[in-house]
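In what follows, every chain begins at residue 1, and chains take the letters A, B, ... in the order their sequences are listed. These values consider heavy atoms only, across backbone and side chains, with no hydrogens, waters or symmetry-generated copies.
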Amino acid sequence: MMIMMKRTLLLLMAAVSLAGAQELDYSALRTIAVQKDGRKKPLDTVATEAVQRITGRRKDPMEFLLSVWLGTRDYRTMPVVLLTHRGLKETLGLPLEQKYFTVEQLATPALGAIVERAQQKDSHAQSSLEREAVALDRRMQTLAGLAMPETLPIVPHPADEKGPWGPVPKTGTIPEHVGTLRGAFVKRDPTAFLAASRELAAALRAASPQVYPSQESLAREAHYNQFHPFRKAEVFYGVAFVLLLATWPMRGRAGYWIAVALFTAGVAVHGYGFWLRMLISGRPPITNMYESVVWVSFGAALFAIVLELIFRPRFYLAAVAPIATVMLVLADMFPAVMDPSIGPLVPVLRDNFWLTVHVPAVTLGYSAFAVAMALGHVALAFYMFKPAAHETIHRLEHFIYRAMQAGVLLLAAGTILGGIWAHYAWGRFWGWDPKETWALISLLSYVIPLHGRLVGWLRGFGLSVASVICFLTVLMAWYGVNFILGKGMHAYGFGVGGTQYVVAFILLELGIAGAAVYKRRPS
Amino acid sequence: MLLPGGQRLALEEFVPNATTETVAREGGPEARPAVQVRLQSKTAGHDLRRWLFVGAPGFANISLVIAGDAAHLARLTNTAASAATKDVRLLVALKDQRLDVPVAGNVGKDLAVPGSGVTARMLNYWPDFRMNDKHQIVSASDEPNNPVALVSLQRGESAERWFVFGTAQMRPMLREQKGEPIGAQVQLLAPAQRTGMMLIATVGGSQLYFASKNKSGPVAPGEPLELDAMDAQLTVERFVTNAVPAREIVRLPAGAEQGRPALRVTVHGAGTARAEWLMFGQPIALRGGTGNPMHLVFAWDSMELPFTVALEDFVVERDEGSQNVAGWTSKVLFTDAATGERKHADVWMNHPAVFKGYKFSQASWNPQDLKYTVLQVKKDPLWVIVLTWSGSGLTILGIALMFYARRWV
């Protein structure tokens with residue numbers, strides 16, 4: 001909640017802040033193409049990703065990149081490298097209250113020794129300190145990389161569309177344009193700077209027009225970076241939630257409809273962001289952990305708004321808005337764990353029709369289960385604090401049941417589609433791969449309460465508890481297989497980190513369920 | 001399974017991944033010691049068990065020797081003799097110029113490399129470099145067991161900082177650089193030392209002794225010994241005085257490399273039963289039956305395709321501007337000699353090629369040798385495919401009907 005408020009505040013501040021004196025216009029430079037990490041991307045993306053990695057923030061990426069790249073500041077003395085790990089700061093003898101350090105402060109033999117030792121280990125065997133040291137080393141390398149002209153290949157290959165690009169050459173018109181740009185950048189002359197960046201952009205495009213990506217695609221990606229759709233969606237959901245809660249006791253119509261409008265705007269921005277991302281990457285949207293978190297929250301929000309508009313019980317929005325907000329905040333907050341950059345696909349996923357069917361089906365199933373869990377929270381809150389509201393509770397249970405059904409259908413369909421695909425491509429329908437096994441476990445764990453209710457083992461309360469507990473199996477199939485087991489044929493989006501948050505979430509959910517069961521115990 | 005010659009074969013056990021190892025069994029006619037040791041290293045994550053024989057190459061600097069008499073034993077366990085000179089030297093070489101000074105007394109001093117304009121300075125020196133539990137660099141002792149120095153080099157505007165190690169396995173690490181590279185070689189020369197651990201057995205004796213660089217004494221079975229200069233523990237698990245070597249099967253974890261599948265079989269003859277291990281692809285001779293001697297092999301059965309497959313080309317695509325592999329494609333040509341039918345096809349990840357009902361999928365390839373490819377061949381009868389699709393469709397349809405159309409069904 002705090003984060004959300006802060007975000008809202010930031011947005012407001014951004015709106016009222018006056019344009020600073022002598023702000024340089026980076027628009028022409030943003031859309032210069034760079035061939036990096038296996039694809040052509042605008043300079044804006046390179047800057048955003050580098051700044052995000054080095055500083056953990058997204059503040060003034062172009063300004064930062066240019067000052068390092070053009071060498072107007074010595075990167076070794078810039079206090080920009082993020083280090084928050086207390087233990088590592090202690091080990092390196094750095095001031096604990098400081099958050100940003102210079103390369104000179106950090107590049108010590110002690111860090112070198114830790115990194116050397118950590119890199120000999122499997123990433124799962126590294127301690128949190130070692131993992132942080134490796135990440136820190138990578139941040140410094142990224143920073144040093146920006147300062148080396150050859151790591152920024154902006155000069156297109158003369159003929160081959162897939163050929164390697166080059167750095168700024170020593171002679172010719174391009175280095176002259178870079179020199180002019182540097183001069184204007186140092187003098188902070190907005191007119192000269194814009195003119196120089198336009199000339200440089202035009203010269204680069206003219207160097208190999210048939211290889212150079214279209215201005216439209218470069219501008220689209222720069223727009224995606226600038227627009228930051230998922231953060232906007234996060235703010236919309238958050239504000240809608242606060243408004244909904246604030247106006248709840250009044251049962252007012254205006255407040256409700258404004259919240260619905262805000263939430264709808266959130267879904268629209270969220271979907272728009274996904275659409276942009278698909279256009280930029282030229283492939284189906286869900287290929288790593290970041291994308292799956294953004295997609296699952298989108299699915300949950302979409303389910304919520306559609307069902308809210310049909311049934312108007314307020315619960316859908318009230319339950320799903322905080323969950324969608326939290327998911328987007330998490331995806332935004334931990335770029336080291338969930339990498340938001342758009343990269344080329346691993347070979348297994350390339351040109352794969354089934355990826356566009358099987359993965360979205362499974363992950364939409366996760367969305368439906370997330371909706372069920374969100375409603376489960378609300379239902380359990382009613383059981384604990386307003387057990388007399390029978391009618392409301394009854395409605396909630398019905399919604400939970402429906403959400404679980406939708407999830408089971410989607411997850412079953414997605415898993416079976418995956419099986420058909422595996423039968424075709426890998427020669428077997430089912431191979432007890434970790435992802436397959438956990439998909440089956442979570443499917444079966446949801447089938448139990450559905451059948452249980454059908455035959456009368458469980459009633460509304462049991463179903464609400466199940467909606468919360470069963471989601472933990474989804475978490476295992478989703479996060480656990482990729483981040484804890486890290487094995488199997490579904491070898492994409494593997495990573496490490498974030499375990500403490502997931503464990504905290506599991507304990508919280510078990511605590512909620514346990515408290516509800518305890519409160520309802522027969523006296 | 002009845003074998004020709006009257007013997008019967010029973011398959012007892014399948015081990016997916018195994019290897020054979022030479023082990024020692026007690027009961028030989030003469031004194032030939034052997035020990036089974038266990039080496040555990042927390043840092044490297046090792047936990048290994050090995051048998052050591054006298055005269056056979058040891059492993060990880062651990063060897064087993066035999067002491068002929070008490071005087072020999074005393075000589076082997078005398079660690080004082082092995083305490084060599086402690087003189088560690090710093091060497092900086094630049095083309096023909098070199099600086100060669102003892103480390104002792106020179107830490108923190110500016111040392112000129114004669115005739116080169118380069119100044120070297122040892123900023124720090126750890127004779128016994130370790131990292132403690134808090135990841136701090138410390139020196140475990142003043143003995144030059146693992147000497148490491150941090151050396152700065154300066155020439156005019158150029159400056160470099162190097163981490164230099166006294167062991168030959170570790171190359172110097174450049175930690176910082178300003179200006180043009182200086183191009184000097186920095187080295188620490190540490191005196192050779194007895195490394196590792198020697199286990200000593202006496203002729204006919206049942207007591208085992210150990211000697212490392214600076215420690216020696218009797219070995220208590222089951223009690224771990226610390227290895228010098230290695231973050232590892234050695235435990236003698238078994239000590240056999242009159243050893244007979246024997247081959248034995250060792251089960252490996254499923255993912256381990258180097259292993260192969262193994263099969264345990266029993267051969268039942270006339271009133272006899274004999275257990276045998278069959279390693280995948282390694283034939284064994286089968287004796288005892290009537291008729292001709294036989295070989296028993298556990299291997300793939302090979303089958304012939306009714307057509308030929310030729311690999312015309314193998315293409316590796318890379319991400320643009322990088323060496324990352326983006327995909328690999330086998331370009332194959334199917335030829336049916338009987339009908340003269342030919343078909344060119346591409347086989348790549350997730351995109352099998354089908355010829356006459358046989359499906360060829362890209363299974364594996366070798367980045368070092370692009371002259372071959374590994375394809376998986378499978379033939380599914382039509383009814384399997386029909387059943388898979390219709391079964392899958394019916395399952396999904398069934399769930400949907402149960403949930404959303406119960407009033408109609």
Please classify the contact between A:A406 and chain B as side chain, backbone, both or neither, with a heavy-atom cut-off of under 4.5 Å. both
With a 4.5 Å heavy-atom cut-off (strictly below), which parts of residues 357-370 of chain B touch chain A? List them by number. B:K359, B:S361
Between atom CH2 of B:W389 and atom CD1 of A:I416, what is the distance when rounded to the nearest 0.5 Å? 12.0 Å
Is chain B contacted by the side chain of A:L454, its backbone, both, or neither, given a heavy-atom distance below 4.5 Å? side chain
Please classify the contact of B:F403 with chain A as side chain, backbone, both or neither, using a heavy-atom distance under 4.5 Å. both
Any chance CD of A:Q210 has more than 12 other-residue heavy atoms, nucleotides or ligands included, within less than 6.0 Å? yes
Under 4.5 Å from any heavy atom of chain B - which part of A:Y424: both
For the student: nearest non-hydrogen atoms of A:E104 and B:K178, plus distance: OE2-NZ, 3.6 Å
Where is the tightest heavy-atom contact between B:I399 and A:A412, given as atom of each residue plus distance? CD1-CB, 3.6 Å
Could you look at A:K40 and say if it's the side chain, the backbone, both or neither that has a heavy atom under 4.5 Å from chain B? both
Could you state the interatomic distance from CZ (A:F429) to CG (B:L387), rounded to the nearest 0.5 Å? 10.5 Å
Non-neighbouring partners of A:R76 that pass salt bridge (charged side-chain N to carboxylate O under 4.0 Å, His left out), sequence neighbours left out: A:D74
Can you tell me how far apart CE (B:M402) and CG (A:L409) are? Round to the nearest 0.5 Å. 12.5 Å
Does atom CD (B:E180) have a neighbourhood of more than 12 heavy atoms from anything else shown, all under 6.0 Å? no
Flag if over 12 foreign heavy atoms under 6.0 Å of CD, B:Q185: no
For the CD1 atom of A:I420 and the CD1 atom of B:I385, what is their distance to the nearest 0.5 Å? 12.0 Å
Under 4.5 Å to a heavy atom of chain B? For A:L450 that would be side chain
Heavy-atom neighbours of B:K331 NZ exceed 12 at 6.0 Å: no
Taking A:A413, A:P109, A:A422, A:A113 one by one, which has the highest count of heavy-atom pairs under 4.5 Å against chain B? A:P109
Heaviest contributor of heavy-atom pairs below 4.5 Å to chain B, chosen from A:Q405, A:H423, A:K162, is A:Q405
Take atom CZ in B:R318; do more than 12 heavy atoms of anything else shown fall under 6.0 Å from it? yes
Of the listed B:V354, B:L123, B:D380, B:N124, the one with the largest count of heavy-atom pairs under 4.5 Å with chain A is B:D380
Is atom NE2 of B:H344 surrounded by more than 12 heavy atoms (other residues, nucleotides or ligands) closer than 6.0 Å? yes
